[in-house]
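We count ligands from 1, going down the list as the structure has it; atoms in each ligand are counted the same way.
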Amino acid sequence: MMSSLLSMKVSRVAELEAFLFPLVCNSKGKRLVYTKWTARSFRISVNSKTCQHVGRNQRCQFLLHCCLSSEAVVNLSGSLIPSSSNIPPSILEKTREKLHLRPNHPLHILKKMIEKSIEDMHPREFSFYDDLPQLVSTTDCFDDLLVEWNHPSRRYTDTYYWDESHVLRTHMTAHDTTLLRAGKKAFVLTGDVYRRDSIDKSHYPVFHQVDAVRIFDRNTSQNEHKLIADLKSTLESLAKNIFQREVQIRWVDGEFPFTYPSFEMEVFWNGNWLELLGCGLLKRGVLDAGQVDKNSKGWAFGLGLERLAMVLFEIPDIRLFWSKDERFLQQFRDGKITKFKPYSKYPSCYKDITFWLSEKFHENAFYELVRTVAGDTVEEVALLDEFHRNNKTSHCYRIVYRSMDRSLTNDEVDEIQDKIREEVARRLEVILR
Ligand code: DAH
């Protein structure tokens, strides 16, 4: 996918600069300043300290680096992205959004409520982190958490790899062992996580999670039943605070590579059991990776913010969280959970695409391509039909288009569909029918 950035033909320096500029502001608002441009390279500085010459053909690596590192371009040559990286520019741009940090955004409202609830229950015990770097090592994301070598989440088709040993975090749990090694005993982490996935109203390649860990030292009771009771009562109070009333809760056995025993908490809400979070006692292997004292134990939990926010604020489509439309943004205020009032539902239309699969084809790569070309105008992609002939497989997908904030014209959708056909044929080497 990197080649789409490369293929963005930026012929003149001014164009390149215009393209780069909005991308090179890090989360602390530090701006990279270009000090000198020449035809073949440009020089940049960060806070007028670090200078580098960057060849123009290295610009995409440079961009990736800028977007993900707050100490941008310190050692560019040491961080070149192999062309095998599967992070498309559209995903990269999302790393700068950090919706959970935006005042009055539903995800921020929920994050604050969760943090406050935990702080009120256990005053001054927890540290709160919400701006940890999205790029983590595969050791942090998988190995330290005892994720099996063949677990689906490790696959290139399911996860965004920067290089073979770094990924865009697929879950916030990826930071646990690093913080444990730093001696932290109780923490709450909020952030954006990344997964290559299908497209529908509740799936988006970027979403947000809150994870927490609480370690009990050797002097505190080590009885597992007591730890589980503490975990469950903490989470039951949390649910009560979030839903702002007594809610019916049930505990179901869960399965996570890094906890045993594991549980899932479900909440009865509007007539349905809603799966709210996963949790459990951290396995000894994880505590060892975090260099936690042999006599200490601890619990952890993880919760997805979008799914919860969709239910509480009655937000019908996950793309709305990314909307820049004031009619969406103006509806919410920090500290309050209010029902979303749809401003208008614009008409949808669909187009089908049918092709013979190739070796290169993978559903997630296809979904991502659709999303890269069509952006947030695509509401859903569904496999309609599959058939086999002479050792070949044909897929037919229906792509449903609908914008969240305007009516799409026929011509516009046709153009997007044509572009998707072209790109799918070119990149995934399928034979269009
Ligand atoms: N990391 C898990 C996921 O993304 C969620 C999770 C489950 C986090 C259990 C935890 C936990 O900390 O204890 O699906």
Side-chain angles (χ1 to χ4, degrees), residues 100 107 110-111 114-115 118 126-130 132 134 136-148 151-155 158-160 167-180 184-198 202-216 224 227-236 238-239 251-267 274-287 289-290 292 296-308 318:
H100 59 288
L107 299 177
L110 266 187
K111 162 196 183 270
I114 294 168
E115 287 177 345
I118 292 178
F126 281 79
S127 313
F128 298 89
Y129 299 86
D130 56 19
L132 295 172
Q134 296 112 328
V136 297
S137 69
T138 46
T139 312
D140 295 340
C141 201
F142 306 124
D143 303 339
D144 280 359
L145 297 171
L146 314 177
V147 176
E148 296 275 342
H151 192 274
S153 65
R154 287 187 184 254
R155 289 182 203 147
D158 288 44
T159 290
Y160 291 107
V167 295
L168 287 178
R169 62 189 171 204
T170 59
H171 56 173
M172 289 306 290
T173 322
H175 298 289
D176 284 5
T177 55
T178 308
L179 289 168
L180 289 172
K184 302 290 172 195
K185 297 278 183 266
F187 46 85
V188 177
L189 321 171
T190 309
D192 37 338
V193 300
Y194 296 78
R195 292 184 196 172
R196 302 179 83 188
D197 210 338
S198 52
S202 55
H203 287 90
Y204 203 81
V206 193
F207 56 101
H208 297 75
Q209 289 185 331
V210 176
D211 251 66
V213 167
R214 189 180 194 198
I215 301 293
F216 295 80
E224 280 202 356
L227 290 195
I228 293 170
D230 180 78
L231 169 64
K232 288 187 172 174
S233 71
T234 301
L235 293 174
E236 283 167 12
L238 179 67
W251 290 98
V252 183
D253 285 342
E255 205 175 316
F256 304 103
F258 37 89
T259 49
Y260 188 82
S262 307
F263 310 97
E264 285 177 12
M265 182 171 130
E266 298 185 349
V267 171
L274 170 75
E275 211 182 286
L276 185 61
L277 52 82
C279 65
L281 300 189
L282 287 169
K283 286 185 186 168
R284 187 65 242 171
V286 177
L287 297 172
V292 174
S296 296
K297 289 190 176 122
W299 56 241
F301 75 83
L303 162 166
L305 283 180
E306 271 83 350
R307 198 143 45 104
L308 180 58
I318 198 164

Donor-acceptor pair, distance only, cut-off 3.5 Å: does the side chain of [X] make one with the backbone of [Y]?
X	Y	answer
Lys111	Val210	no
Arg154	Thr138	no
Thr159	Ser153	yes
Arg214	Trp299	no
Arg169	Cys141	no

Students should be able to answer this: which protein heavy-atom is nearest to [atom], and at what distance?
atom	answer
atom 14 (O) of ligand 1	Arg195 NH2, 3.9 Å
atom 5 (C) of ligand 1	Gly302 CA, 4.2 Å
atom 13 (O) of ligand 1	Ala300 O, 3.1 Å

Out of all atoms in ligand 1, which are within 4.0 Å of some heavy atom of [X]? Include the element for each.
X	value
Phe256	7 (C), 9 (C)
Thr259	13 (O)
Cys279	9 (C), 11 (C), 13 (O)

inquiry  = Using the side chain to side chain contact (heavy atoms under 4.5 Å, CB included) definition, which of the options Leu282, Val286, Leu281, Thr173 pairs with Thr259?
reply    =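 Option passing the side chain to side chain contact (heavy atoms under 4.5 Å, CB included) with Thr259: Leu282.
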query = How are the rings of Phe258 and Phe256 set to each other: parallel, tilted or perpendicular (split at 30° and 60°)?
reply =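 Answer is parallel, since the angle falls under 30°.
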Applying a 4.0 Å heavy-atom criterion (strictly less than), which segment of [X] is in contact with ligand 1: side chain, backbone, both, or neither?
X	result
Arg169	neither
Phe301	backbone
Phe258	side chain
Gln209	side chain

request  = Please indicate whether Tyr260 has more than 12 foreign heavy atoms, meaning atoms of other residues, nucleotides or ligands, lying under 6.0 Å from its OH.
outcome  =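 12 or below, so no.
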task = Could you check which of Thr173, Leu303, Val193 puts a non-hydrogen atom nearest to atom 1 (N) of ligand 1?
result =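 Nearest option to atom 1 (N) of ligand 1, by heavy atoms: Thr173.
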key: Polar atom proximity, Asp211 to ligand 1 (N or O, under 3.5 Å)   =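 Yes, Asp211 has an N/O under 3.5 Å of an N/O on ligand 1.
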